[in-house]
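Could you have a look at this structure, given as structure tokens, before my questions?
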Number of protein chains: 2
Amino acid sequence: MAALLADTETFTSAQDLHARLREQGEPVGLTTVYRHLQFLADAGELDVVRNDDGENLYRRCGTHQHHHHLVCHTCGRAVEIEGPEIEAWAERVAAAEGFTTITHTLEIYGTCPTCAGPQAADSLRK
Amino acid sequence: MAALLADTETFTSAQDLHARLREQGEPVGLTTVYRHLQFLADAGELDVVRNDDGENLYRRCGTHQHHHHLVCHTCGRAVEIEGPEIEAWAERVAAAEGFTTITHTLEIYGTCPTCAGPQAADSLRK
DNA sequence: ATCGTTGCAAATGTTTTGCATGTCA
DNA sequence: TGACATGCAAAACATTTGCAACGAT
């Protein structure tokens, strides 16, 4: 059942996933979807990101290691990004201020080639 | 009334601010606090950050320009950070994937010297 | 009289939880 | 039978909105 997300490279909300499952004939309850997503996220199987609407978006990533995302804000597709320079920079800056036990969040948003491409007007309309 | 936040360098939630105002004798309504915060944020007077609990935290910053924050997750105090290298890196990475109209979010979290200092044990206990 | 500000109460929307039911070993 | 997965309905929470009251111009 963890295979639910194995197919998509797009960040998906619990509500979305639930709706899609019902469409596919899986009569699964919303509660169950939430429980599974939370479990998988806790287990490090899924990456979680909170969008501006306060929704949690989930995605299965190729690596369990620390990484960031380049997310298309039109279609939601995300590319995994590694940024050793950034990690180092964050550590350095924080250390310079005397901070310890440092963590950080970083996401990049943009319009992906597919969404900007043929209908490039879309990216201008907004 | 915008002066409500002029005093703190800490990210504050609407609920918090409301509670603090009541304590200070200002019998202001929660709705009003929300409305003012939203207005100020829209006007670019306040920086907004969403925490893990899904709360919006607000802070008055020294500059209206694009910058990031180094936030203490114990006391909430935040230091404004500039990172030209990061901006450039984000642009470069996104462009390399063909993304356009790029934006990004970046926050660094840690324990500030004051919170880690004398009672350094705190930062180990967690 | 009128326009902008306020606050209460109710609505919204996501996520969580209580509890009763079904299932598999 | 007994641990566990499920689902429904209700709760929790931050935030927003409808609407009527209030104040100053």
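Sequence lines set the chain letters: A, B, ... in the order given, protein chains first and strands last, and positions in each chain run from 1.
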Looking only at the aromatic ring of each residue, does the gap between the centers of A:His66 and A:His64 stay below 6.0 angstrom?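 No; A:His66 has its ring centre 6.0 Å or more from that of A:His64.
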Pairs satisfying salt bridge (charged side-chain N to carboxylate O under 4.0 Å, His left out), at least one member in residues 31-49 of chain B, at least two apart: B:Glu45-B:Arg60
Using a 4.0 Å cut-off on protein heavy atoms (strictly under), produce a 5'-to-3' string for nucleotides 15-25 of chain C with B for base contact, S for backbone-only sugar-phosphate contact, and - for none. BBB--------
Atom CD of B:Glu26 to atom P of C:dT6: distance rounded to whole Å?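 B:Glu26 atom CD is separated from C:dT6 atom P by 11 Å.
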Can you check the B:Leu21 CG to C:dT6 C1' distance for me, whole Å?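 Result: 14 Å.
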Length of the line joining B:Leu40:CG and C:dT5:P, which is rounded to integer Å: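 That distance rounds to 12 Å.
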Does C:dT6 have OP1 or OP2 sitting under 4.0 Å from an N or O in the side chain of B:Thr32? no
Send over the distance from A:Asp52 CG to C:dT14 P, rounded to a whole Å.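 In whole Å, C:dT14 P lies 14 Å from A:Asp52 CG.
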So, for B:Ala78 and B:Arg59, which heavy atoms are closest and what is the spacing to 0.1 Å? O-NH1, 2.8 Å
Linking directly or through intermediates, with side-chain heavy atoms under 4.5 Å: list the remaining ILVMFWY members grouped with B:Val71, chain and number order.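 Taking Ile, Leu, Val, Met, Phe, Trp and Tyr as members, B:Val71 shares its hydrophobic cluster with B:Phe11, B:Val49, B:Leu57, B:Tyr109.
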Given D:dA14, is OP1 or OP2 found less than 4.0 Å from the side-chain N or O atoms of B:His18?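 False: B:His18 side-chain N/O out of range (4.0 Å or more) of D:dA14 OP1/OP2.
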Verdict with reasoning, A:Glu55 to A:Asp16, per side chain to side chain contact (heavy atoms under 4.5 Å, CB included): CA-CA 11 Å; A:Glu55 272 183 327; A:Asp16 247 45; over 6 Å; no
Euclidean distance, B:Ile102 CD1 relative to B:Glu91 CD, rounded to 0.5 Å: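 The distance works out to 4.5 Å.
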Hey, does the side chain of B:His36 come within less than 4.0 Å of C:dT6's phosphate (OP1/OP2), counting only N and O?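 Checking C:dT6 against B:His36, a side-chain N or O does come within under 4.0 Å of OP1 or OP2.
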